[in-house]
Amino acid sequence: MKLVDELFEMYRGKLQGTEEDLDMITLAVLEQLSQKEILSIIKELNKDELTYFFRLYLFEALKQKFDMDSMGDNFDDNRLYH
């Protein structure tokens with residue numbers, strides 16, 4: 001993806017590529033883009049990039065749901081013992 005390549009070149013050698021660095025970059029980029037611009041970038045993705053993009057979104061969304069569900073279970077369990 002062109003945007004990823006541009007960001008990589010811009011920050012290469014300046015940041016370490018830690019999760020915190022990457023989170024900072026992605027949040028900064030998203031703050032700058034309108035919904036229309038984001039959809040335009042998505043429309044430019046080829047089939048493999050779009051498949052990867054959607055797979056990653058589903059993976060992260062499901063992971064978050066399961067994490068929240070398990071935290072809720074632990075919270076309920078802890079309340080029973082106290």
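Residue numbers start at 1 and run along the sequence shown.
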Applying side-chain contact (heavy atoms from CB on, under 4.5 Å) to E44 and not counting sequence neighbours gives S40

Applying side-chain contact (heavy atoms from CB on, under 4.5 Å) to N46 and not counting sequence neighbours gives D48, E49

Is the count of non-hydrogen atoms from other residues, nucleotides or ligands lying under 6.0 Å from E6 atom CD greater than 12? yes

Residues joined to F59 in its hydrophobic cluster, side chain to side chain under 4.5 Å directly or through other members, sorted by chain and number, are none

Would you say V4 and L56 are hydrophobically clustered, going by side-chain heavy atoms of ILVMFWY under 4.5 Å? no

Quick one: [atom1] on [X] to [atom2] on [Y], what's the gap to the nearest 0.5 Å?
X   : Y   : atom1 : atom2 : value
L50 : I42 : CG    : CD1   : 8.0 Å
M24 : E19 : CE    : CD    : 13.5 Å
T18 : D21 : OG1   : CG    : 3.5 Å
M1  : Y52 : CE    : OH    : 10.0 Å
D67 : L62 : CG    : CG    : 10.5 Å
L45 : F53 : CG    : CZ    : 7.0 Å

Show me the donor-acceptor pairs within less than 3.5 Å that the side chains of residues 25-35 make with the rest of the protein, sequence neighbours left out.
from: T26; atom 1: OG1; to: L22; atom 2: O; distance (Å): 3.1
from: T26; atom 1: OG1; to: D23; atom 2: O; distance (Å): 3.0
from: S34; atom 1: OG; to: K36; atom 2: N; distance (Å): 3.4
from: S34; atom 1: OG; to: E37; atom 2: N; distance (Å): 3.1
from: S34; atom 1: OG; to: E37; atom 2: OE1; distance (Å): 3.3

Quick one: side chains of residues 10-17, donor-acceptor pairs under 3.5 Å with protein atoms, not counting sequence neighbours, listed by atom name and distance.
from: R12; atom 1: NH1; to: E9; atom 2: OE2; distance (Å): 3.3
from: K14; atom 1: NZ; to: M10; atom 2: O; distance (Å): 3.3

